Protein chains: 2
Amino acid sequence: MTTRDGRLARGDRTRTRVLDAAVVLATRNGLDGLSLGQVADALTISKSALFAHWRSKEELQLATIERAREQWLEQVISPALREPRGLRRLWALHRHRIAFYADRVLPGGCFFGNVQFEFNARQGPIHDRLAAILTDWLALIERLAGEAIALGELRPETDPALLAYEAEALGLAAVMQSRLLGPDAVYDHALRSMRDRLRALSTDPTLIKEHE
Amino acid sequence: MTTRDGRLARGDRTRTRVLDAAVVLATRNGLDGLSLGQVADALTISKSALFAHWRSKEELQLATIERAREQWLEQVISPALREPRGLRRLWALHRHRIAFYADRVLPGGCFFGNVQFEFNARQGPIHDRLAAILTDWLALIERLAGEAIALGELRPETDPALLAYEAEALGLAAVMQSRLLGPDAVYDHALRSMRDRLRALSTDPTLIKEHE
DNA sequence: AATCTTTACGACCGGTCGTTCTTTTAGTAG
DNA sequence: CTACTAAAAGAACGACCGGTCGTAAAGATT
């Protein structure tokens, strides 16, 4: 779907524009509350034009999830993976996750936080995709924790799955509380809790301190 | 609004029935996705009958929040407050909170978890009420932590606000993950994380153990 | 038993939703 | 420049939404 000189075809450029707007709107109003009319209005195109790119609303919703995942990979996971492996990479992942919403990259809060709660009691392809993404996210933290244990930076009795659960919990609460109560102390709490936890589990407490 | 012999009037009984159904439906579909037609159908009454009790959908939504709060008070907070004061009461609060959803009291997940994420980027009376409820909940945990410190059961350097944040985060993640990934290991994680945290902060590690 | 209030019903309104269809525009290739 | 095709516009659809209204039944009061 590219022209002869390698640029993206018009359709592909439109698709990306649509999905970027859909991520913002779905973050604010939910994936179910996402209105095709609002998406179209935000881009000054017509509602029916959307059906030239996706067969149904559900297909657009699934494409929106994939777009949000791309943003998540680019802005949270990739920067963290550029850190030195082991404990520092684990700590960087948490910091980037918290900063991702502290900097308000996505207006309206955390896309995955909102959407996962929205679909946590439903069934269907959207639920399944969200569950797979969450599983991958937890598995990544577990893997990094395992690396840190193997490097001797975390105590051998550390439970990677438990640590992954705690990291996810602290990030989730940060997103929710910061939007509902204001971001004043929340991000500080999310960072301090994880730092305390990692220090308590680490063999060398100075490893975290210098990366604050 | 009671009859001469003290029973609830018919209207009050209907209101309670409606709100109980509304809590279940709103937990599953969100407070915005709550359809008055669905509520009416669930009770085999007519949609218009609802407007005899509440002036608008928003009033019913606010009443639904209050009903969910009543259930939360009855089934989580009150039982915990019957425990001995201090650390044991704090630990009981966390256990009851996790058990509340482990036992699936509310089909479809956690009312407040879902709804708070739904409204975390909006404004208006619903957002304000949810923020106040969350503030009260965090303040309660802080107060219990303060009591435990005063009793000498938690180390004096314990930060009550940070502990409240962590407890809320662990419970929130338990609800979300258990619905999305299945409840197998999640509740165990939520309990173990909090237990580890409280033990690390307590002056006498056996205080928690005996109340598992 | 008669009266008044509460509660519920069923039809209906305007509006918005997702979706489909037909027509027009505009970018690309020969 | 012309022909072809992908993309967008615009109107219209059926379904569902929250909300209103007039009416009827049920319960309590006197």
Side-chain angles (χ1 to χ4, degrees), chain A residues 1-23 25-26 28-65 115 118-119 122 124-126, chain B residues 1-23 25-26 28-65 115 118-119 122 124-126:
Chain A
M1 277 298 179
T2 57
T3 56
R4 190 150 293 178
D5 52 353
R7 286 184 302 104
L8 283 177
R10 191 160 64 113
D12 278 348
R13 276 185 281 120
T14 301
R15 270 185 284 274
T16 304
R17 281 199 316 144
V18 168
L19 292 181
D20 281 339
V23 168
L25 287 171
R28 197 178 304 261
N29 300 8
L31 217 41
D32 231 36
L34 181 66
S35 155
L36 299 187
Q38 284 182 20
V39 174
D41 287 350
L43 299 163
T44 335
I45 64 174
S46 78
K47 203 169 47 164
S48 59
L50 300 176
F51 288 88
H53 300 280
W54 299 275
R55 271 192 292 260
S56 67
K57 183 184 182 181
E58 190 180 53
E59 284 202 9
L60 191 148
Q61 290 172 319
L62 286 166
T64 302
I65 292 175
V115 169
E118 189 181 0
F119 281 85
R122 305 189 195 179
I126 293 181
Chain B
M1 278 294 181
T2 54
T3 54
R4 191 151 294 177
D5 52 354
R7 288 184 301 106
L8 281 177
R10 191 161 63 111
D12 280 346
R13 277 186 280 121
T14 301
R15 270 185 285 275
T16 304
R17 282 201 312 145
V18 168
L19 292 181
D20 281 338
V23 168
L25 286 171
R28 196 179 306 260
N29 300 37
L31 216 42
D32 231 37
L34 180 67
S35 157
L36 299 187
Q38 285 182 20
V39 174
D41 288 349
L43 297 164
T44 335
I45 65 174
S46 77
K47 199 173 54 166
S48 58
L50 300 175
F51 289 90
H53 299 280
W54 299 275
R55 272 193 290 261
S56 66
K57 183 184 182 181
E58 191 180 54
E59 284 203 8
L60 192 147
Q61 290 173 319
L62 286 166
T64 303
I65 292 175
V115 171
E118 189 181 359
F119 282 84
R122 306 189 196 180
I126 293 181

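Within every chain, numbering begins at 1; the chains are lettered A, B, ... in the order of the sequence lines, protein sequences first and strands thereafter. The shown structure was predicted, so the numbers you read here are calculated from the model rather than taken from an experiment. Any value given below was found using the heavy atoms of this structure, including those in side chains, with hydrogens, waters and symmetry copies removed.
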For atom [atom1] of [X] and atom [atom2] of [N], their distance in whole Å:
X      : N       : atom1 : atom2 : result
W54(A) : dT19(C) : CH2   : P     : 13 Å
H53(B) : dA8(C)  : NE2   : C1'   : 8 Å
L34(A) : dT19(C) : CG    : P     : 11 Å
E59(A) : dT19(C) : CD    : P     : 10 Å
K47(B) : dA15(D) : NZ    : P     : 15 Å
I45(B) : dG10(C) : CD1   : C1'   : 14 Å
F51(A) : dT22(C) : CZ    : P     : 16 Å
D32(A) : dC17(C) : CG    : P     : 13 Å

Next on the checklist: Applying a 4.0 Å non-hydrogen cut-off, can you work out what L43(B) is touching in the nucleic acid: base, sugar-phosphate, or nothing?
Outcome noted: nothing
Next on the checklist: Taking any heavy-atom pair under 4.0 Å as a contact, classify L60(A): base, sugar-phosphate, or nothing.
Outcome noted: nothing
Item to check | Side-chain N or O of S35(A) closer than 4.0 Å to phosphate OP1/OP2 of dC17(C) | outcome: yes
Checklist entry - Are OP1 or OP2 of dT20(D) and a side-chain N or O of S48(B) less than 4.0 angstrom apart? => result no
Checklist outcome for this item: Looking only at heavy atoms, the pair that brings E118(B) and R122(B) closest together is O-NE, 3.3 Å
Checklist entry - Between Q38(B) and N29(B), which heavy-atom pair has the shortest distance, and what is it? => result OE1-ND2, 3.9 Å
Checklist outcome for this item: Regarding the side chain of L36(B), the nearest nucleotide among dG18(D), dG18(C), dA9(D) is dG18(D)
Next on the checklist: Would R17(A) and D20(A) count as a salt bridge (Lys or Arg N to Asp or Glu O under 4.0 Å) here? Give the steps.
Outcome noted: CA-CA 5 Å; R17(A) 281 199 316 144; D20(A) 281 339; over 6 Å; no
Item to check | Point-to-point distance, once rounded to the nearest 0.5 Å, from CG of D32(B) to CD1 of I126(B) | outcome: 7.5 Å
